[in-house]
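Quick note on labels: first sequence line is chain A, next is B, and so on, each numbered from 1. All values derive from a computational prediction rather than experimental measurement.
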2 protein chains.
Amino acid sequence: MKQVTIYDIASEAGVSVATVSRVLNNTAPVKASTRSKIMKLIKQHQFQPNALARSLLKKETGTIGVIVPDITNPFFPEVFGGIDSAARDKGFTFFLCDTLGDYDRESQYLDILRKKQVDGIIFMGGRINLAKCPTELVEEVVETAARIPMVLVNGNLPGTELHRVAADESKGAAMATQYLVEQGHRDIAFIGGHDYTSTNAQKLRAFKRVMNQNGLPVAKERILYGDFTMSAGERLMKEILQDSSRPRPTAVLCVNDFTAVGAIKAAIRAGIFIPDDMSIVGFDDIPLASAIYPELTSVKLHMDQLGRNAVDVLHKLIMKEKVKRMTIIEPELVVRDSTKKLIHRE
Amino acid sequence: MKQVTIYDIASEAGVSVATVSRVLNNTAPVKASTRSKIMKLIKQHQFQPNALARSLLKKETGTIGVIVPDITNPFFPEVFGGIDSAARDKGFTFFLCDTLGDYDRESQYLDILRKKQVDGIIFMGGRINLAKCPTELVEEVVETAARIPMVLVNGNLPGTELHRVAADESKGAAMATQYLVEQGHRDIAFIGGHDYTSTNAQKLRAFKRVMNQNGLPVAKERILYGDFTMSAGERLMKEILQDSSRPRPTAVLCVNDFTAVGAIKAAIRAGIFIPDDMSIVGFDDIPLASAIYPELTSVKLHMDQLGRNAVDVLHKLIMKEKVKRMTIIEPELVVRDSTKKLIHRE
DNA sequence: ATGAAAGCGCTAACAG
DNA sequence: CTGTTAGCGCTTTCAT
């Protein structure tokens, strides 16, 4: 089916393309009768102006590129939801770029998004979550950001001036730890993720700091590393339970909800009651957290707000308005049923 | 920062734009020395050809529009993952259009995608899941599909010739029901979704049919309707448990996993052990299903395959190759820990 | 092997 | 109020 253009409409209406363009964009007054004649033709032919041609000229596409490491991980759809709800009324459409955390794919997408002339980029995951990101990878991002407005969500590239929106994970971990301590827990384990990620580093540091401030020791055996998955949570919890060299911890802080859910499963399987025998805290508060039984106590990161704020910042960047470089979202500890005051047994 | 164009590269290299275009696309032989000179300039300026201009000319954008009703519902990221993995190597990028199940937004996106000249559309959710879809809504889709290759995923618009890829939900429901019956269950309830959705209708019909075939009655009180959410599952399970007019069913078939998870929670809270006191089957097999305790027996719909097959069909449509109008994905019953053989107590 | 020039469909001066 | 025209950045004949 041949694409109908503004020329077809114009000639059929007996006017010039300029006039058609004018009614299309309401960019100048058009005689009512001409206008309605044109409108009729537009309806009749189901004419939709070619956005490529328009964008080519206007140098704006109304499109935002959203880079995520794994859309299958509930964290990111939640953020995306926030992005969408904040940007759709501004008329933006989204390229969803799923990188699978692969740096090469990130690079490719950065290129593609430039070619496609997106108005802005929201970058999540992958290289911006590394405790130490290789210089070339940083450079790439910086160079793209020099040409296209960009905001990093929940990540960082130290040494750069990139705009960021992030949850205060360190504070969240501190809150959770302090809460557990106040519930009477003294022997708390930390089930972490990859040690080369900044999120793991931050949470672990905060955990240790708060334990310290409370005069509580953290044995080396109490720090476990995994890969942020449910099965890692299961495996690590099993490890903890099998360690017969010491009594089991009365509480566990997990690096994210997946890990916590896995840990809970392993515990229940081993006949340990949650929260009676052991308290468990997750991180992120993805929908899963309140879906399981017992409902998970978790540090809510307000993923939707993360998305919404990212759009705010990005939009200002696009409009060349002034924005502050860093936006912090306050986390919130959501206490549910997986944690409990410790009844000292002696 | 001024966008650098093919003209800048050309003039700086002392050649014509045609030559630059040729090295860019490898579309005709270029003298090695010229080529390398150009390449160098491209690298140096970080030149990326403007895809809009190219697409305007070529009449293809390498972009697919993916319409989903709710990216926050794990079902859709899974499908999207399949789409992505099948299409990215073909060089496609994706517009993710989240409609929130709102028909107006669906219409808008259909328009936007046409304007943006996408090469194809994958349509999920909303109007294509209605048991009876209003004619105007059907028309819109048909008209779009007349201009842009489109495939409907897990939905249908009866009376149209649109291409579809769908899981056999009816069969899935039949399998699950038959399985429960074979486990000795005779009093089975069905916790459904909205009665105006085709998915609910299909599953319910299959459920009743199989019960019938086994000579088992289905009391009216055993069919409950909700809205596919966890809280509906909770509420409906409570309702079932509070009905003192009859013994509680020994098994429950749920319209989806969310509902099942909610039902399980309500049951556990009421002191009912799953699966010992009651068997529960979910539908879809989203990741959540295997995350909870007890792990949920569920009808796996192979969401990723749904996505992959949709891309296959769409790609052939785009290439104007022949494709069959309907692709069925076989469901699979995944038996886990939420179901159990019924031990008759009398 | 390379260049000149004609568009792709649209918008935005500039005239009238 | 409306028409003419010059591009936006790129690809592609058609020459050379």
Engineer: Nearest heavy atom decides the nucleotide; on that basis, is A:V17 or A:A32 closer to the 5' end of DNA chain D?
Structural biologist: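 Result of the comparison: A:A32.
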Engineer: Taking only N and O in the side chain of B:N25, is any of them less than 4.0 Å away from OP1 or OP2 of D:dT11?
Structural biologist: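 Yes, because at least one side-chain N or O of B:N25 sits under 4.0 Å from OP1 or OP2 of D:dT11.
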Engineer: Among A:V66, A:T99, A:I67, which one satisfies side-chain contact (heavy atoms from CB on, under 4.5 Å) with A:M124?
Structural biologist: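 So, applying the side-chain contact (heavy atoms from CB on, under 4.5 Å) to A:M124 and each of A:V66, A:T99, A:I67, only A:V66 qualifies.
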Engineer: Backbone N or O of B:L52 within a donor-acceptor pair of the B:N50 side chain at under 3.5 Å?
Structural biologist: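 Yes: the side chain of B:N50 pairs with the backbone of B:L52.
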Engineer: CG of B:L52 versus C1' of D:dC8: gap in Å, rounded?
Structural biologist: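 About 10 Å, once rounded to whole Å.
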Engineer: How many whole angstroms separate atom CG of B:L56 from atom C1' of D:dG7?
Structural biologist: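 Distance check: B:L56 CG to D:dG7 C1' gives 13 Å.
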Engineer: Between A:K115 and D:dC10, is there a side-chain N or O to OP1/OP2 distance below 4.0 Å?
Structural biologist: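 No, outside the criterion.
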Engineer: Tell me whether B:M39 at atom CE has more than 12 heavy atoms from other residues, nucleotides or ligands lying less than 6.0 Å away.
Structural biologist: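 At most 12 heavy atoms, drawn from other residues, nucleotides or ligands, come within 6.0 Å of this atom.
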Engineer: If I take atom CG in residue A:N50 and atom C1' in nucleotide C:dG7, what distance separates them, rounded to the nearest angstrom?
Structural biologist: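 Rounding to the nearest Å, CG of A:N50 and C1' of C:dG7 are 14 Å apart.
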Engineer: Considering only C:dA12, C:dG9, D:dT11, which nucleotide approaches the side chain of B:L57 most closely?
Structural biologist: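 The answer is D:dT11.
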Engineer: Would you please confirm or rule out a distance under 4.0 Å between OP1 or OP2 of C:dG9 and any side-chain N or O of B:K59?
Structural biologist: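 Answer is yes, contact under 4.0 Å.
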Engineer: Using a 4.0 Å heavy-atom cut-off, does B:S21 contact any base of the nucleic acid, only the sugar-phosphate backbone, or nothing at all?
Structural biologist: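 The answer is base, as B:S21 lies within the cut-off (heavy atoms under 4.0 Å) of a base atom.
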Engineer: Quick one: which of C:dG9, D:dC10, C:dT11 gets closest to the side chain of B:I6?
Structural biologist: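 Of C:dG9, D:dC10, C:dT11, D:dC10 is nearest to the side chain of B:I6.
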Engineer: B:R22 has an atom CZ; how far is it from atom P of D:dT12, in whole Å?
Structural biologist: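 Whole-Å distance recorded here is 10 Å.
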Engineer: Describe the nucleic acid contact of A:T34 in one word from base, sugar-phosphate, nothing, applying a heavy-atom distance below 4.0 Å.
Structural biologist: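 Result for A:T34 = sugar-phosphate.
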Engineer: Can you confirm if the aromatic rings of A:F94 and B:F94 lie within a centre distance of less than 6.0 Å?
Structural biologist: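 Between B:F94 and A:F94, the centre distance exceeds or equals 6.0 Å.
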Engineer: Say you draw a straight line from CD1 of A:I121 to OG1 of A:T144; how long is it, rounded to the nearest 0.5 Å?
Structural biologist: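 With rounding to 0.5 Å, CD1 (A:I121) is 6.0 Å from OG1 (A:T144).
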Engineer: Nearest-nucleotide wise, let me know which of B:P29 and B:A53 is further upstream toward the 5' end of DNA chain C.
Structural biologist: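 Taking each residue's closest nucleotide, the earlier one in sequence belongs to B:P29.
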Engineer: Check the distance between C:dC10's P and A:L24's CG and give it to me in whole angstrom.
Structural biologist: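 Whole-Å distance recorded here is 8 Å.
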Engineer: Whole angstroms only, please: what is the CZ-C1' distance between B:R54 and D:dT11?
Structural biologist: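 Going from CZ in B:R54 over to C1' in D:dT11 covers 8 Å.
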Engineer: C:dG3, OP1 or OP2 - any side-chain N/O from B:T19 closer than 4.0 Å?
Structural biologist: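 For B:T19, the contact criterion (side-chain N or O under 4.0 Å from OP1 or OP2 of C:dG3) is met.
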Engineer: Think A:S16 has a side-chain N or O under 4.0 angstrom from the OP1 or OP2 of D:dG3?
Structural biologist: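 Yes, such a contact exists.
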Engineer: Between atom NZ in A:K58 and atom C1' in D:dG7, what is the gap in whole Å?
Structural biologist: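 Spelled out: NZ on A:K58 to C1' on D:dG7 is 15 Å.
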Engineer: For A:Y7 and C:dC8, give me the distance from atom OH to atom P, rounded to whole Å.
Structural biologist: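 These atoms are roughly 9 Å apart.
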